2 protein chains.
Amino acid sequence: MTNHALLDSCPLYQGLSPQDKAYALSYFDAKAKQYEKGEFLHQVSFPLQRFGLVLSGTVQVYMDDIDGHHIIMNHVEPGDLFGEAYAFLGTDAPIYIRAVTEAEILWMSTARIKAPLSPAGPLDQELSNRYVACLASRTLTMNQRVQILSRNTLRMKLITFLSQYAAEKGDTFTIPFDRASMATYLGADRSALSRELSRMQAEGILTYHRNRFQILK
Amino acid sequence: MTNHALLDSCPLYQGLSPQDKAYALSYFDAKAKQYEKGEFLHQVSFPLQRFGLVLSGTVQVYMDDIDGHHIIMNHVEPGDLFGEAYAFLGTDAPIYIRAVTEAEILWMSTARIKAPLSPAGPLDQELSNRYVACLASRTLTMNQRVQILSRNTLRMKLITFLSQYAAEKGDTFTIPFDRASMATYLGADRSALSRELSRMQAEGILTYHRNRFQILK
DNA sequence: AAAAGTCCGTTGCTTTTGCAACGGACTTTT
DNA sequence: AAAAGTCCGTTGCAAAAGCAACGGACTTTT
């Protein structure tokens, strides 16, 4: 059975009554599926038929470059969506999607968005709008990512990255990355990242332990 | 009068009959406006009410970082859209939009997407789908950008950047950037970029003159 | 409890990059 | 035609960052 409590943390379902949630689940033709740690949810160069909502666990969307480096496109935690754009376009998706931990995914279809029932039910337009809003928000998220990656020193990337968390969560927060993933996410080397974090801590800019950070000034 | 020929190069209007184009223009409540070189189309922290289609000229969407560097979010040429996501969400847009050259912009509204007429005309759903497809494509474009920026050496950024053009246009192509903008787009220093390009030319990887490139291997 | 595995900080070394500054080719203005 | 402006390559130098390797703390497995 699908976890209705978690659905509330996803903008697609947020605040809907139980009946409306049930309607929404059928609107998106939602199907849950379980994955083991390390399992691939999608392989390069297949079209992505559906987009996913992470119900539990963590998922990463990434590409590989020639040197064998991963490029993290999207790091997905419970309540977050992935693949909305690919699913709508139906084009080949040159990405890997992999379960970082054991994970449960709710797979959904865009068919009703593209071809609404006629006459459309009262909720249909609302759900369509929510989906489009998610798609638009994705653009904003990626803008933030570009903002980080465009900085030309690692320190500035870090400051931008951490500021974005601080803006949302306050001075103290936990990030969903280990060091290696964080480095990949920032487009940098892990040791260079550790070194820079050390320096910034020594300079009194911040404090941290593992993936928990506190910004001091 | 709006240039109907150019509309055909925009996925929103492509292939529509003249009557359908006229309908589409009213569907999006399209209004054209002229801008001088250097003029701002939008300033930081105002909500963006409409999204734009560049009819002529060039427009850049960018942010500024603390050091006064520009971060190019979107470089927009005739036939391209900008601001689709902000316009739909109606949130504050922390960006500058500026005419790089004299430009004519077709400003459009998302009102009909959010609240379709009922009953909807036969074209309405098609136009809505086209808009959403544009939004989804934007995500893919930004993915490509992230792919470039995630690379950890300038050379790899360059190879990724140029490969993306080569994949689309073949071995020889012209890019829409001068060196300074190209460097900003790659998140790098202009002189470092020039240096790396020189090296790659010396190594026989490519040939270039100004913004025209030929990939040799 | 030992062994294996994971995560992370550290460091030496080399390469890359940013920064600042200059000059040449070319275009536009006056 | 001179002057001003723009664009771009070049270079010296200092700082930054990648790479590789090691070791310690901690967790999980056997």
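Because the structure is predicted, anything quoted here is derived from the model rather than measured. Only heavy atoms go into these numbers, but all of them, side chains included; no hydrogens, no water, no symmetry mates.
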With a 3.5 angstrom cut-off on both distances, give the Watson-Crick or G-U wobble partner of D/dA25, or none if there isn't one.
-> C/dT6
Rounded to whole Å, the CG-C1' distance (A/L158 to D/dA17) equals 13 Å
Residue mapping more 5' on DNA chain C - nearest nucleotide basis, A/D178 or B/R210 = A/D178
Do the charged groups of A/E102 and A/K37 touch, with an N to O distance under 4.0 Å?
-> no
Would you call A/Y27 and A/S128 a side-chain contact if the rule is heavy atoms closer than 4.5 Å?
-> yes
Is B/D178 salt-bridged to B/R210, cutoff N-O under 4.0 Å?
-> no
Donor-acceptor under 3.5 Å (A/R130 side chain, A/P11 main chain) = yes
Partner of D/dA16 by Watson-Crick or G-U wobble geometry, both contacts under 3.5 Å, or none?
-> C/dT15
Measure up the A/F177 and A/Y185 rings against each other and bin them: parallel (under 30°), tilted (30 to 60°), perpendicular (over 60°).
-> tilted
Does C/dA1 have a Watson-Crick or wobble partner in any strand here, with both distances under 3.5 angstrom, and which is it?
-> D/dT30
Under 6.0 Å between ring centres, would you say that holds for B/Y96 and B/F40?
-> yes
Note: chain B reaches DNA chain C at heavy-atom distances under 4.0 Å over the stretch, first to last nt, 5' to 3', of C/dT17 to C/dA21
Can a donor-acceptor pair under 3.5 Å be found between the side-chain atoms of A/T153 and the base atoms of D/dA17?
-> no
Pairwise 5' ranking along DNA chain D for B/R195 and B/F177, keeping only the more 5' one | B/F177
A/K157 NZ - D/dA17 P separation (whole Å) = 8 Å
Could you tell me the separation between the CG atom of A/L186 and the P atom of D/dA17, rounded to a whole number of Å?
-> 11 Å
So, are B/R50 and B/D29 salt-bridged, with charged N and O less than 4.0 Å apart?
-> yes
DNA chain C: A/A180 or A/N152, which has the more 5' nearest nucleotide?
-> A/A180
Write down the distance between CZ (B/R190) and P (D/dT11), rounded to a whole number of angstrom.
-> 14 Å
